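This report concerns only the one structure given below.
Worth knowing before you read on, the calculation uses all heavy atoms, side chains too, and leaves out hydrogens, waters and symmetry mates. A, B, ... follow the sequence lines: proteins, then strands. Residue 1 opens every chain. Everything quoted here is computed from the prediction, not taken from an experiment.
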Protein chains: 2
Amino acid sequence: MINTRVAVAIHILALIASKPHEDLTSEYIASSVNTNPVVIRRLLGMLKKAGLIQTTAGKAGAWLTRGPTAITLLDIFHAVEPNESLFAIHDNPNTHCPVGKGIQRVLDEAFGAAQTALEERLSAETLQDILHRLFVED
Amino acid sequence: MINTRVAVAIHILALIASKPHEDLTSEYIASSVNTNPVVIRRLLGMLKKAGLIQTTAGKAGAWLTRGPTAITLLDIFHAVEPNESLFAIHDNPNTHCPVGKGIQRVLDEAFGAAQTALEERLSAETLQDILHRLFVED
DNA sequence: TTTGATGTAACTCATTTAGTTACATCGAAA
DNA sequence: TTTCGATGTAACTAAATGAGTTACATCAAA
């Protein structure tokens with residue numbers, strides 16, 4: 001199972017986007033997520049590194065670098081999940097075996113296609129859609 | 001990242017399907033995968049429990065319960081990955097916060113859609129396709 | 001200069017994964 | 001019927017990951 005970082009990161013960004021005129025502290029965000037402020041600051045660091053938000057050291061508040069319609073769930077996923085491939089493949093299969101010899105390439109293709117399908121779906125949903133589902137639709 | 005069980009299970013089934021007239025031992029399969037025979041037997045157990053193969057205790061060999069065209073990568077995925085949801089969601093978000101209150105439902109929807117996209121792609125590929133890519137195509 | 005915030009290193013604890021040892025049990029051949 | 005080689009499975013280990021926590025250097029602003 002994929003870790004909770006993606007879920008928490010979306011939660012964080014939804015908070016920031018929903019209160020653009022308030023300077024949210026990591027402690028406030030943590031109380032909404034129900035975790036430790038350091039966990040939030042770590043994620044804010046990753047989101048900042050990915051260019052999704054901007055912050056100032058020592059000063060409360062975080063701001064989106066672009067509008068919620070321009071931030072996809074895939075952007076968020078990649079920001080907090082540095083791993084390139086979704087599926088792990090066992091290494092050093094026996095190259096003297098016809099199956100072992102070709103399996104990594106074949107798995108790369110199959111898993112790559114599946115990951116692409118997932119990523120295309122994630123890139124079709126934006127932070128704005130999340131806000132809409134949170135506040136407009138029931 | 002998703003564990004190597006899916007990859008190894010596909011490897012195992014490709015071996016079984018490619019040598020339908022040989023009784024492969026867990027030791028032989030392990031030498032192709034390059035791991036311990038017990039790891040193979042554990043996976044064979046899961047594949048058997050999922051109804052994909054049949055085995056006899058004490059006797060070498062495993063047999064597909066249906067043809068390679070009728071076994072999808074999604075079948076294999078579900079056989080060795082008992083977890084229902086692909087994405088983890090943090091629990092106990094603050095219900096006094098508007099975002100915290102609705103986030104789990106919204107994440108469930110978004111993650112569910114992404115998982116469905118992944119699973120649809122996995123179900124479009126069969127063990128036969130794997131064999132074809134291993135032995136027919138380059 | 002004091003206060004309250006961020007940024008980040010370092011540690012802990014729980015969980016998962018993969019590998020391993022050990023052994024009960026079964027099937028088939030000697 | 002005994003022996004041999006296989007499966008099935010429990011139990012243990014070691015490594016990796018995830019999430020929470022403490023501690024503290026640093027910065028912004030009053």
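Distance alone, capped at 3.5 Å, is enough to place a donor-acceptor pair between the A:Asn94 side chain and the B:Ser31 backbone. With hydrogens and angles ignored, the 3.5 Å screen pairs no side-chain donor or acceptor of B:Thr4 with any backbone N or O of B:Ala7. Panel note: side chain B:Asn83, backbone A:Met1; no donor-acceptor pair is recorded below 3.5 Å. The main-chain N or O of A:Gly51 is found under 3.5 Å from a side-chain atom of A:Thr65 such that the two form a donor-acceptor pair. The backbone N or O of A:Leu86 sits less than 3.5 Å from a side-chain atom of A:Gln115, completing a donor-acceptor pair.
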### Task
Walk me through it: do A:Leu43 and A:Val80 pass the test side chain to side chain contact (heavy atoms under 4.5 Å, CB included)?
CA-CA 7 Å; A:Leu43 287 171; A:Val80 299; 4.0 Å; yes
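A heavy atom closer than 4.0 Å to some atom of DNA chain D occurs in A:Ala57, A:Gly58, A:Lys59, these being the qualifying members of residues 52-66 of chain A. A heavy-atom distance below 4.0 Å to DNA chain C is reached by none of the residues of residues 81-93 of chain B. Only B:Thr35, B:Asn36, B:Val38, listed by number, bring a heavy atom of residues 18-38 of chain B to less than 4.0 angstrom from any atom of DNA chain C.
The side-chain hydrogen bond (donor to acceptor under 3.5 Å, both in side chains) search around B:Thr25 returns none, not counting sequence neighbours. A search for salt bridge (charged side-chain N to carboxylate O under 4.0 Å, His left out) contacts involving B:Asp129 returns nothing, not counting sequence neighbours. For B:Lys59, the side-chain hydrogen bond (donor to acceptor under 3.5 Å, both in side chains) criterion is met by no residue, not counting sequence neighbours. Under the rule for a salt bridge (charged side-chain N to carboxylate O under 4.0 Å, His left out), the partners of A:Arg5 that lie at least two apart in sequence or sit in another chain are A:Glu81. Not counting sequence neighbours, the partners of A:Glu125 by the salt bridge (charged side-chain N to carboxylate O under 4.0 Å, His left out) test are A:Arg121, A:Arg133.
Look at CG on A:Leu44: it is 16 Å from C1' on D:dC27, rounded to the nearest Å. Spacing between atom CD1 of B:Ile12 and atom P of D:dT7 amounts to 12 Å, rounded to whole angstrom units. In this structure, B:Met46 places its CE atom 16 Å from C1' of D:dT7, rounding to the nearest Å. Per the geometry, CZ belonging to A:Arg41 stands 14 Å off P belonging to D:dG20, to the nearest Å.
Hydrophobic clustering (ILVMFWY, side-chain heavy atoms < 4.5 Å, transitive): A:Ile29 and A:Val38 are in distinct clusters. Residues B:Phe135 and A:Ile103 share a hydrophobic cluster, clusters being chains of Ile/Leu/Val/Met/Phe/Trp/Tyr side chains in contact below 4.5 Å.
Nucleic acid contact for A:Lys49: none, since no nucleic acid atom lies under 4.0 Å from a heavy atom of the residue.
Within the structure, salt bridge (Lys or Arg N to Asp or Glu O under 4.0 Å) pairs that include any residue of residues 82-93 of chain A do not occur (at least two apart or interchain).
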N/O donor-acceptor pairs under 3.5 Å from side chains in residues 11-20 of chain B, not counting sequence neighbours:
{"residue": "B:His11", "atom": "ND1", "partner": "A:His90", "partner atom": "NE2", "Å": "3.0"}
{"residue": "B:His11", "atom": "NE2", "partner": "B:Ser32", "partner atom": "OG", "Å": "2.8"}
{"residue": "B:Ser18", "atom": "OG", "partner": "B:Ala14", "partner atom": "O", "Å": "3.1"}
{"residue": "B:Ser18", "atom": "OG", "partner": "B:Leu15", "partner atom": "O", "Å": "2.9"}
{"residue": "B:Lys19", "atom": "NZ", "partner": "B:Tyr28", "partner atom": "OH", "Å": "2.9"}

Under 3.5 Å, N/O pairs linking protein and nucleotides 12-16 of chain D:
none

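Interface limits on DNA chain C: the 5'-most and 3'-most nucleotides within less than 4.0 Å of chain B heavy atoms are C:dT17 to C:dA28.
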